[in-house]
Asker: 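I am attaching a structure below and will ask some questions about it afterwards.
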Amino acid sequence: MDSFRQTPLLLSVFLSILSFSASFTPNMSHYIDCGATSNTLVSGFFPRTFTADDNSNLLSAKNTFFLSNPNNSSTGSLYSTARVSTSNFKYSFTMLTNSSNVLRLHFLPFSNQSYNLSTAKFSVKALNSYILLDNFTVTDTSSPTIKEFFLWTDSSDLAVEFIAQNNSLAFVSAIEAFTAPPNFLDGQVPLTIDNAELNGDLVKQVLETVYRVNMPGPLIIPQNDTLWRTWVTDDPYILNSAASQNQTVSTQLKYNPPEGSSEEIAPQTVYNTARIINTTTDQFDSNSAFNINVTWSFTVKSGYHYLIRLHFCDIISKTNSLDTGLVFTVYIMDYLPLINGLKPTAYTTFASEPFYLDFITPVTSTQKITVKISLDRTRSSIRNALLNGLEIMKVHNLSLSGTNNNSQSKNSRTIILGASIGGAIVLALILSCLVLVLCKKRQKKPASDVKETQVMWSPMTGVVNSSVDTSSKSGGLTTIGASPRVDLGLLISFNHIKMATNNFDKNNIIGVGGFGEVYKGVLNNGTEVAVKRASSRSNQGLPEFQTEIEVLSQIRHRHLVSLIGYCDERSEMILVYEYMEKGPLRNYLYGTDLPSLSWKQRLEICIEAAKGLHYLHTGYSQTIIHRDVKSTNILLGEGFLAKVSDFGLSKLGASIGETHVSTAVKGTFGYLDPEYFKTQKLTDKSDVYSFGVTLLEVLSARPVIDQTLPREEINLAEWALLCQTRGQLEKIIDPRLVGKINENSLRKFWDIVEKCLKDYGMDRPAIGDVLWNLEYCLQLQETEVRREPYEDSGTSVAHFPEVPCQKDAVKCNEPRNWNFR
Ligand SMILES: *[C@@H]1O[C@H](CO)[C@@H](O)[C@H](O)[C@H]1NC(C)=O
Ligand SMILES: *[C@@H]1O[C@H](CO)[C@@H](O)[C@H](O)[C@H]1NC(C)=O
Ligand SMILES: *[C@@H]1O[C@H](CO)[C@@H](O)[C@H](O)[C@H]1NC(C)=O
Ligand SMILES: *[C@@H]1O[C@H](CO)[C@@H](O)[C@H](O)[C@H]1NC(C)=O
Ligand SMILES: *[C@@H]1O[C@H](CO)[C@@H](O)[C@H](O)[C@H]1NC(C)=O
Ligand SMILES: *[C@@H]1O[C@H](CO)[C@@H](O)[C@H](O)[C@H]1NC(C)=O
Ligand SMILES: *[C@@H]1O[C@H](CO)[C@@H](O)[C@H](O)[C@H]1NC(C)=O
Ligand SMILES: *[C@@H]1O[C@H](CO)[C@@H](O)[C@H](O)[C@H]1NC(C)=O
Ligand SMILES: *[C@@H]1O[C@H](CO)[C@@H](O)[C@H](O)[C@H]1NC(C)=O
Ligand SMILES: *[C@@H]1O[C@H](CO)[C@@H](O)[C@H](O)[C@H]1NC(C)=O
Ligand SMILES: *[C@@H]1O[C@H](CO)[C@@H](O)[C@H](O)[C@H]1NC(C)=O
Ligand SMILES: *[C@@H]1O[C@H](CO)[C@@H](O)[C@H](O)[C@H]1NC(C)=O
């Protein structure tokens with residue numbers, strides 16, 4: 001019996017030894033035993049030799065000396081000596097250029113009769129500009145104090161300087177400086193909370209580890225950790241441990257880097273244990289609203305941004321099935337960043353695969369970071385939640401001399417913030433150049449290097465910008481990019497999109513277009529989005545994808561569907577748009593059970609769509625031709641607010657693959673400008689033609705091509721023109737509208753349609769003229785309603801009133817043979 005019970009333990013020891021054999025070897029490493037005269041071997045599963053800094057050329061200073069702990073048997077031999085000085089001294093470590101590095105400083109104060117290291121007060125500066133520790137003193141003499149930092153080096157030199165305060169000492173017991181494991185900080189794009197914003201990529205920030213916790217335990221000591229870290233237990237931080245329970249497994253876990261976690265990101269000991277919620281089925285059954293939060297609270301210094309890294313491994317349901325896996329909720333700072341429910345299977349491939357999520361949050365006045373887990377009763381069949389580990393890192397501000405080591409990202413940010421709103425066009429150019437540079441850079445790299453160019457993405461920024469729109473009623477035009485920040489923040493990681501759509505759950509599909517499938521999703525901040533995922537993509541990727549996206553992202557208008565972000569990771573090409581709850585205009589015209597729209601509503605929708613198109617044609621520095629105007633590309637939001645969608649995509653669509661081009665052309669055949677068809681020359685007047693067909697569709701509420709109809713009626717545009725010459729225009733009017741349209745309004749409307757459908761682009765009006773005339777149409781309809789409130793508008797007009805002509809607008813035709821009854 002006993003030996004049987006021992007098996008898991010033996011197995012885990014054996015597995016630990018296995019992982020030891022594959023231990024991480026940094027590209028560049030310096031392990032220094034400061035003040036020592038001979039090297040020190042630190043044993044354990046991951047042993048290392050710390051070299052003596054005595055006579056080492058790493059150290060540059062005149063007045064340093066070493067101090068020996070007279071009482072050295074009580075602590076590890078690494079701490080039996082210290083490098084000490086009453087003035088400044090500096091270590092210079094050679095690291096890889098453009099690399100992320102770990103710097104660990106060890107301090108254990110002691111004293112002999114002449115010096116007392118507990119009284120030392122000093123500062124530590126790195127890379128000649130970052131104050132890592134300020135007026136620092138170490139009072140704990142019982143165990144070493146270890147300070148850990150992550151530093152980006154864009155040269156080969158990592159300088160660490162110790163600055164003694166007046167009449168005081170500076171000292172250090174040991175130093176580790178080594179290249180960070182691959183993807184340690186750039187493995188994913190963090191989710192940002194509360195408008196958090198970093199000055200460039202996370203990997204280029206100076207970070208200081210402030211908490212590293214293994215939920216619920218055990219304590220992991222450096223000798224037992226894959227990256228020589230200490231992971232403490234969560235007992236001091238958990239607020240309601242009675243609501244929780246320990247969960248432990250002893251199985252070998254399957255890591256799946258680079259998207260998932262790796263042994264260097266956190267060892268198995270972290271993922272093998274978790275804090276879960278202590279619940280019973282009874283509690284559930286007796287109260288449908290029953291829930292429990294398990295809460296941790298961490299005291300931090302306010303005025304900084306913090307990286308919060310949560311480690312998860314679903315050791316409860318132990319499945320990789322999307323349907324039966326665990327789903328739960330995580331709160332950070334009482335926000336709800338994972339509003340969709342955190343579904344481990346959306347992040348992992350294997351059952352019980354470890355993964356982690358990064359969040360960036362500012363901490364202003366609270367001085368606390370709280371993390372809660374709770375049940376998601378609506379989504380999960382398994383009623384629980386878990387947290388395996390947590391790390392909190394402080395993002396250091398640049399201080400003092402201001403010498404900028406992260407020039408790349410910071411300079412570009414400076415340019416952008418410096419650009420005024422009025423200079424939006426200049427800004428667009430700068431951004432395009434930036435994108436081009438990035439794309440060029442990327443092209444040279446292998447596909448696996450894609451993450452290199454990822455930028456911080458803040459969903460909040462995206463939302464702020466799409467709602468910034470303060471268009472005036474007259475023209476509906478707005479200036480571009482009220483806040484330029486969004487343009488650098490459009491990249492969304494594949495993982496986040498996966499989460500937003502529940503791993504592209506088929507139930508979330510809201511449409512299929514030429515570009516691919518469209519899913520409804522919810523971002524971490526609660527914003528509903530439409531996610532368009534290209535169904536295939538050439539292996540070498542599309543440099544023009546990014547360029548195009550950056551231009552599209554500049555285009556913000558009340559009547560254009562905003563691009564919120566995109567994903568260009570792995571072999572994915574995904575666009576994220578604002579979600580339009582009522583869907584395409586077509587659904588309100590025919591083919592569904594949706595209520596029919598009144599003539600007034602239809603006119604308003606057409607006017608709004610025309611405003612969107614007008615902005616595309618004239619509102620930007622260059623004319624943007626939509627190429628695919630149709631009723632399915634006019635989307636309706638709350639209160640039937642209409643927005644034009646999918647602009648600029650046809651070109652992209654054409655690059656994806658030939659099958660898509662042909663389907664796209666086929667799908668929009670009835671709208672196609674005949675002149676474009678003949679000459680292959682696309683102009684803004686091609687959009688006007690398609691818009692004219694769309695107006696007809698709105699009037700008649702039938703498909704523009706309907707093969708089931710008699711031959712002459714198949715093509716709506718042809719049929720309408722035929723009806724007009726026969727004086728039977730009433731045949732094309734939606735039966736639900738008959739008798740409800742003011743005749744003047746209708747005549748004006750037909751007038752516009754006819755002009756739009758002219759064979760030659762030069763004979764068609766500009767979209768601005770179409771817009772004005774549609775507004776006039778609406779006026780005519782409204783006037784009638786106001787004049788005869790008790791009568792069905794448009795039924796009792798005895799004669800055509802004068803229809804005044806707008807200069808340069810659609811010319812008013814002579815009254816024709818109208819025949820409405
Ligand atoms: C070490 O550096 C080389 C070349 O600079 C690189 O190919 C390799 O991936 C690096 N290895 C690690 C573990 O960072
Ligand atoms: C030496 O270590 C022992 C045990 O930790 C401690 O009681 C004693 O005070 C230490 N002596 C000095 C001089 O630090
Ligand atoms: C610390 O003590 C060990 C024996 O326990 C001794 O070998 C070593 O020399 C001592 N180190 C120093 C710096 O005094
Ligand atoms: C480091 O990065 C900069 C900016 O990206 C680049 O210009 C430089 O060539 C890189 N150096 C090395 C050695 O990779
Ligand atoms: C304390 O250490 C310093 C530096 O090693 C040494 O010069 C001094 O003599 C020591 N004092 C005593 C009382 O041992
Ligand atoms: C060293 O300084 C600390 C702080 O001032 C003091 O508490 C401690 O007693 C001193 N130790 C010795 C041996 O003087
Ligand atoms: C550090 O000490 C110096 C001098 O005592 C003082 O001027 C400075 O403000 C201190 N810095 C902090 C962060 O307390
Ligand atoms: C350092 O000491 C000098 C002289 O004792 C004094 O003038 C200066 O103000 C001190 N600086 C700080 C920051 O305490
Ligand atoms: C849970 O883990 C903590 C930390 O390791 C430990 O103190 C506690 O006793 C454990 N509780 C249970 C119920 O196993
Ligand atoms: C380190 O790992 C070994 C083997 O798993 C274990 O026996 C030992 O207790 C661990 N040490 C600590 C402090 O956890
Ligand atoms: C779980 O809750 C029950 C009562 O609801 C309690 O008796 C038990 O001790 C709790 N378990 C833990 C590990 O706290
Ligand atoms: C859990 O915490 C969230 C966020 O603070 C709060 O809205 C919710 O009411 C809490 N639930 C329970 C059961 O305490």
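From a predicted model like this one, the values you see are computed outputs, not experimental measurements.
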Asker: Phe749 and side chain to side chain contact (heavy atoms under 4.5 Å, CB included): which partner among Ile741, Leu774, Leu696?
Answerer: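 Checked Ile741, Leu774, Leu696 against Phe749; only one passes side chain to side chain contact (heavy atoms under 4.5 Å, CB included): Leu774.
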Asker: Kindly compute the distance separating CE (Met762) from OG1 (Thr683), expressed to the nearest 0.5 Å.
Answerer: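 Answer rounded to 0.5 Å: 11.5 Å.
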Asker: State whether the side chain of Lys685 and the backbone N or O of Arg764 hold a donor-acceptor pair below 3.5 Å, judged by distance alone.
Answerer: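 Yes, because the side chain of Lys685 sits within donor-acceptor range (under 3.5 Å) of the backbone of Arg764.
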Asker: Are any non-hydrogen side-chain atoms of Leu616 and Ile625 less than 4.5 angstrom apart?
Answerer: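 SC-SC contact between Leu616 and Ile625 ruled out.
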Asker: Given 3.5 Å as the limit, does a donor-acceptor pair link the side chain of Gln781 with the main chain of Asn742, or not?
Answerer: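 At least one qualifying donor-acceptor pair exists.
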Asker: Just do the side-chain contact (heavy atoms from CB on, under 4.5 Å) check on Phe640 and Glu608 with the steps written out, would you?
Answerer: CA-CA 10 Å; Phe640 290 102; Glu608 289 169 354; over 6 Å; no
Asker: Tell me whether Thr618 contacts the main-chain N or O of Tyr615 through its side chain, where contact means a donor paired with an acceptor under 3.5 Å.
Answerer: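 The answer is no, because no donor-acceptor pair under 3.5 Å joins these two groups.
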Asker: Do the non-hydrogen side-chain atoms of Leu585 and Leu589 ever get within less than 4.5 Å of each other?
Answerer: yes
Asker: Taking all heavy atoms of Cys756 and all of Pro765, pick out the closest pair and write down the distance.
Answerer: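 Cys756 and Pro765 have their closest heavy atoms at N-CD, 4.1 Å.
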Asker: Quick one, Trp599 and Leu699 - any side-chain contact, counting heavy atoms below 4.5 Å?
Answerer: yes
Asker: Could you measure the distance from the NZ atom of Lys532 to the CD1 atom of Ile510? Nearest 0.5 Å is fine.
Answerer: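 Spacing of NZ (Lys532) from CD1 (Ile510) equals 8.5 Å.
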Asker: Dump the intermediate steps for side-chain contact (heavy atoms from CB on, under 4.5 Å) on Leu523 and Ile564, then the final yes or no.
Answerer: CA-CA 10 Å; Leu523 293 182; Ile564 289 176; 4.3 Å; yes
Asker: Can you tell me how far apart CD (Gln707) and CD1 (Ile714) are? Round to the nearest 0.5 Å.
Answerer: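 Result: 5.0 Å between the selected atoms.
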Asker: Output yes when a side-chain donor or acceptor of His559 lies under 3.5 Å from a complementary backbone atom of Val644, and no otherwise.
Answerer: no
Asker: Side-chain contact, heavy-atom cut-off 4.5 Å: Leu746 with Leu737?
Answerer: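 They are not in contact (no side-chain heavy atoms under 4.5 Å apart), so the answer is no.
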Asker: Pick from Arg586, Arg602, Arg702: which one makes a salt bridge (Lys or Arg N to Asp or Glu O under 4.0 Å) with Glu697?
Answerer: Arg586
Asker: Using a 4.5 Å cut-off on heavy atoms from C-beta on, say whether the side chain of Asp734 contacts that of Ser700.
Answerer: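 No, too far: nothing below the 4.5 Å cut-off.
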Asker: Which pair of non-hydrogen atoms, one from Cys567 and one from Ile497, has the smallest distance, and what is that distance?
Answerer: CB-CD1, 3.3 Å
Asker: Hey, mind stepping through Tyr671 and Thr694 against side-chain contact (heavy atoms from CB on, under 4.5 Å) and telling me if it holds?
Answerer: CA-CA 8 Å; Tyr671 299 89; Thr694 310; 3.6 Å; yes
Asker: For Lys582, look at atom NZ and say whether over 12 heavy atoms of other residues, nucleotides or ligands are found less than 6.0 Å away.
Answerer: yes
Asker: Counting only N and O atoms by type, is there a donor-acceptor contact under 3.5 Å from the side chain of Thr592 to the main-chain atoms of Asn587?
Answerer: yes
Asker: Compare every heavy atom of His614 with every heavy atom of Gly768, then report the nearest pair and how far apart it is.
Answerer: CA-CD2, 3.6 Å
Asker: Rounded to the nearest 0.5 Å, how far apart are CD1 of Ile605 and CG of Leu597?
Answerer: 5.0 Å
Asker: Where the side chain of Ser745 meets the backbone of Cys777, is there a donor-acceptor pair that is under 3.5 Å apart?
Answerer: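 Confirmed, Ser745 side chain pairs with Cys777 backbone.
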Asker: Would you indicate whether Glu638, at its atom CD, is surrounded by more than 12 heavy atoms from other residues, nucleotides or ligands within a distance under 6.0 Å?
Answerer: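 Count not over threshold, so no.
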Asker: Show the nearest heavy-atom pair for residues Asp687 and His626, with the distance to one decimal.
Answerer: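 Nearest pair, atom of Asp687 first, then His626: OD2-N, 2.6 Å.
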Asker: Any Lys/Arg nitrogen of Lys600 or Glu604 sitting under 4.0 Å from an Asp/Glu carboxylate oxygen of the other?
Answerer: yes
Asker: For Lys748 versus Asn773, what's the shortest heavy-atom pair and its separation?
Answerer: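 That would be CE-OD1, 2.8 Å.
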Asker: Hey, is the main chain of Thr501 close enough, under 3.5 Å, to the side chain of Asn508 for a donor-acceptor pair?
Answerer: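 Flag set: sc Asn508 to bb Thr501 pair under 3.5 Å.
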Asker: Which pair of heavy atoms, one from Tyr590 and one from Ala701, lies closest together, and at what distance?
Answerer: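 For Tyr590 and Ala701, the tightest heavy-atom pair comes out as CD2-C, 3.4 Å.
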Asker: Rounded to the nearest 0.5 Å, what separates atom CG in Leu771 from atom CD1 in Ile607?
Answerer: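 The distance works out to 7.0 Å.
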Asker: Is there a donor-acceptor pair under 3.5 Å between the side chain of Asn633 and the backbone N or O of Asp628?
Answerer: yes
Asker: Between the side chains of Lys643 and Glu578, is the shortest nitrogen-to-carboxylate-oxygen separation below 4.0 Å, so that they form an ion pair?
Answerer: yes
Asker: Is Asp769 salt-bridged to Lys755, going by a charged N under 4.0 Å from an acidic O?
Answerer: no
Asker: With rounding to the nearest 0.5 Å, note down the distance linking OH in Tyr689 to CG in Leu757.
Answerer: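 Between atom OH of Tyr689 and atom CG of Leu757 there are 5.5 Å.
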Asker: Test your reading of the model: is there a side-chain donor-acceptor pair from Gln601 to the backbone of Ser598, 3.5 Å cut-off?
Answerer: yes
Asker: Test Ile574 against Phe504 for side-chain contact (heavy atoms from CB on, under 4.5 Å), laying out the working first.
Answerer: CA-CA 12 Å; Ile574 296 169; Phe504 301 102; 3.8 Å; yes
